[in-house]
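Note sheet for the following structure.
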Amino acid sequence: MNNGNLAGMLNKEALVKYPGLFFNTLRMDEKYPNGESPDDFYKRVKRWFDDVICKYKHSNENILIVTHGGVINIICHVVKDIEWTNKNKLFKTSDVAIYKLNCEGKLEFEIENYNDFLRVDF
């Protein structure tokens, strides 16, 4: 999500400069200052996801996509054909996880191992 002026800002600074401005308090068409709206974010992710699906729908290749929880949440909503808003969090994501989507000859997807954590020890 392009959160505009809030990008990189410490939470305590954002709370002073933009009190009460949180992702889930924005209207779907309300933009962050110099950023995008939740609707812009959803459309950008959906357009990208649709492009990926179109490009690889007849491929037998495995595709690795590395992204953050906000994008994963939108993809889960798209795959399950559930309306997405910035108010709902039906698919909770974690910081480190693997989400596997399968497409076998037709455009039907299933989330195989939702929230199957990948543990890394340093």
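The residues of the chain are indexed from 1 along the displayed sequence.
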* Asked: Taking ILVMFWY side chains as joined if any heavy atoms are under 4.5 angstrom apart, and letting links pass through other members, which residues group with V16?
  -> none

* Asked: Can you list the residues that meet the side chain to side chain donor-acceptor pair (under 3.5 Å) rule with D29, with sequence neighbours excluded?
  -> R27

* **Sequence-distant partners of K43, side-chain contact (heavy atoms from CB on, under 4.5 Å), two or more places apart** => D39, R47

* To do: Could you tell me which residues satisfy side-chain contact (heavy atoms from CB on, under 4.5 Å) with D40, sequence neighbours excluded, listed by chain and number?
  => K31, E36, S37

* Structure fact -> Taken in chain and number order and not counting sequence neighbours, the residues that satisfy side-chain contact (heavy atoms from CB on, under 4.5 Å) with A14 are L6, M9

* Among all residues two or more places apart in sequence or in another chain, which pass the side chain to side chain donor-acceptor pair (under 3.5 Å) test with E30? -> none

* Any ring-ring contact (aromatic ring centres under 6.0 Å, His included) pairs touching residues 4-33, not counting sequence neighbours? -> none

* To do: Indicate whether any N or O donor in one side chain lies under 3.5 Å from an N or O acceptor in the other, for N24 and N86.
  => no

* Asked: Side-chain contact, heavy-atom cut-off 4.5 Å: L15 with L21?
  -> no

* Under the salt bridge (charged side-chain N to carboxylate O under 4.0 Å, His left out) rule, what pairs show up with a residue in residues 5-15, not counting sequence neighbours? -> E13-K17

Exercise answer: donor-acceptor pairs, residues 65-78 side-chain atoms, under 3.5 Å, sequence neighbours excluded:
| unit_1 | atom_1 | unit_2 | atom_2 | d |
| --- | --- | --- | --- | --- |
| H68 | ND1 | G70 | N | 3.1 |
| N73 | OD1 | H77 | ND1 | 3.3 |
| N73 | OD1 | W84 | NE1 | 3.4 |
| N73 | ND2 | F91 | O | 2.4 |
| H77 | ND1 | N73 | O | 2.8 |

* Out of curiosity, L26 CG to N3 CG, how far, rounded to the nearest 0.5 Å? -> 10.0 Å

* Over 12 non-hydrogen atoms of neighbours within 6.0 angstrom of CG in D51 -> yes

* Asked: Mind checking what makes salt bridge (Lys or Arg N to Asp or Glu O under 4.0 Å) contact with K46, not counting sequence neighbours?
  -> D50

